[in-house]
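Below, chains carry the letters A, B, ... as their sequence lines are ordered, and counting in each starts from 1. Only this structure's heavy atoms are used, side chains among them; waters, hydrogens and symmetry mates stay out.
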There are 2 protein chains.
Amino acid sequence: MKSETILEQAALHCESRGRKLTAKRRQVLAGLVKSQKALSAYDLADYCRDKLGTSLLPTSVYRILEFLESLGLVHRLNTANKYVACAHVTCDGANEIPQFLICQSCGSVKEIGITKSFVQGLSQAVEKVGFHLANNQLELECLCADCVVQQGGVQ
Amino acid sequence: MKSETILEQAALHCESRGRKLTAKRRQVLAGLVKSQKALSAYDLADYCRDKLGTSLLPTSVYRILEFLESLGLVHRLNTANKYVACAHVTCDGANEIPQFLICQSCGSVKEIGITKSFVQGLSQAVEKVGFHLANNQLELECLCADCVVQQGGVQ
DNA sequence: TTGACGAATGATACAATGTAACATTTTTTT
DNA sequence: AAAAAAATGTTACATTGTATCATTCGTCAA
């Protein structure tokens, strides 16, 4: 899907919640959408400076990412300290619980859905030992198909 | 199990691999074993200074943690940027793939085993979309029983 | 015993990531 | 146009992590 279309959808999503997708916010989201991979806040500040010629300080990037995340437009990857555009920006609010496959070699990210029964099984195993699952978002360290080939198979 | 026993086992584990559990390394491991929770490298440096009165710079702590991890005596939690003592120090090498439940409120960590079939199911789901699972270690954001009670149930 | 070697630790500097607090600008509302 | 709210800028600093070189310690052979 064209990134312009995605950004338009995102703008509508913001409007429907009474928020605005401002120029700066659009820049940050566009950076994530176009890169197709996980970027840090500092990566995005560099992107705005180098590719767009607009200054955007890391602190502002953090604020904007927080905003975008609160609307479900981006996700924060805790294991990588990076952010990705939500793969379901265009398919309305009813997102599944996001699960991320993160290529440790090139940083590309695949967002997948995992069956409810699977998550439930996990949740039950956790409850069994007296803990409660507070976040269903899994982040899995992977290699993407390209990088598996490059590295000559599984290490 | 008494922490002294655990440390003795750890020392034997080192010897069997031709390495030494030096005084400093023992201090760091003891800090993790006694605290029963995840600590950052800087937490451990503070621990050595405040509780033990011995100076140990963060750089040294990082080196020591790296050493302990290479022997399977501690695990690094990527989501938390912290380290925990391996719960299976005393039960010899044949560890299962570690899965961690991390309390987001108090930092306590429970290391559990998850059935092989479960991990296999996950792995297959990942292969299906063209990625390869590079690390089977899951880190789950949880609340421990104590903190669930304190916070009045699930938020 | 000593000297050499390697392992372990110390020390310094810096890079990357993230937050707090307050100032300024822009937009909206009245 | 004035007031209020939202968005962004700015500065300072905290936390986490790495790179590099220096120093100390233990071991082993001559």
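- Note on B/R19: a side-chain N or O is less than 4.0 Å away from OP1 or OP2 of C/dA8.
- Look at CD on B/E15: it is 14 Å from C1' on D/dG26, rounded to the nearest Å.
- Taking atom CD on A/E66 and atom C1' on C/dT19, their separation rounds to 10 Å, with Å as the unit.
- If you measure from atom CG of B/L68 to atom P of C/dA8, you get 12 Å, rounded to the nearest angstrom.
- Nearest nucleotide to the A/T59 side chain, out of C/dT27, D/dT16, C/dA20: C/dA20.
- Look at A/N81 and you'll find a side-chain N or O under 4.0 angstrom from OP1 or OP2 of C/dG18.
- Put simply, CZ on B/R26 is 17 Å from C1' on C/dA8, counting in whole angstrom units.
- B/D46 places no side-chain N or O within donor-acceptor distance of the main-chain N or O of B/D43, the cut-off being under 3.5 Å.
- Considering only the side chain of B/L57, C/dG10 comes nearest among D/dT10, D/dT8, C/dG10.
- Checking the phosphate oxygens (OP1, OP2) of C/dA8, no side-chain nitrogen or oxygen of B/R63 falls inside 4.0 Å.
- To the nearest angstrom, C1' of D/dT24 lies 15 Å from CG of B/L56.
- Taken from CD in B/E127 to NE2 in B/H132, the straight-line distance is 6.0 Å, to the nearest 0.5 Å.
- Counting heavy atoms of neighbouring residues, nucleotides and ligands inside a 6.0 Å radius, atom NZ of A/K82 exceeds 12 of them.
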* Asked: Between A/E4 and A/K34, does a salt bridge (Lys or Arg N to Asp or Glu O under 4.0 Å) hold up when you go through it step by step?
  -> CA-CA 10 Å; A/E4 265 315 309; A/K34 287 177 185 161; 5.6 Å; no
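- For A/Y62 and C/dG18, the shortest distance from a side-chain N or O to OP1 or OP2 is below 4.0 Å.
- Atom C1' of nucleotide D/dA14 and atom CG of B/D43 are separated by 13 Å, given to the nearest angstrom.
- Enclosure of atom NZ in A/K24 by more than 12 non-hydrogen atoms of other residues, nucleotides or ligands within 6.0 angstrom is indicated.
- The side chain of A/I64 has D/dT8 as its nearest neighbour among D/dT16, D/dT8, C/dT9.
- Closest to the A/T22 side chain, of the nucleotides C/dT17, C/dA8, D/dT8, is D/dT8.
- Taking for each of B/K20 and B/R76 the nucleotide of DNA chain D with the nearest heavy atom, the 5'-most of the two is the partner of B/R76.
- The listed nucleotides are C/dG10, D/dT8, C/dA8; the one nearest the side chain of A/R25 is D/dT8.
- One atom, CG of A/L44, and another, P of C/dT17, lie 11 Å apart when rounded to the nearest Å.
- Centre separation under 5.5 Å together with a plane angle under 30° does not hold for the ring of B/Y42 and the six-membered base ring of D/dT15, so they are not marked as stacked.
- One atom, CG of A/L71, and another, P of D/dA7, lie 10 Å apart when rounded to the nearest Å.
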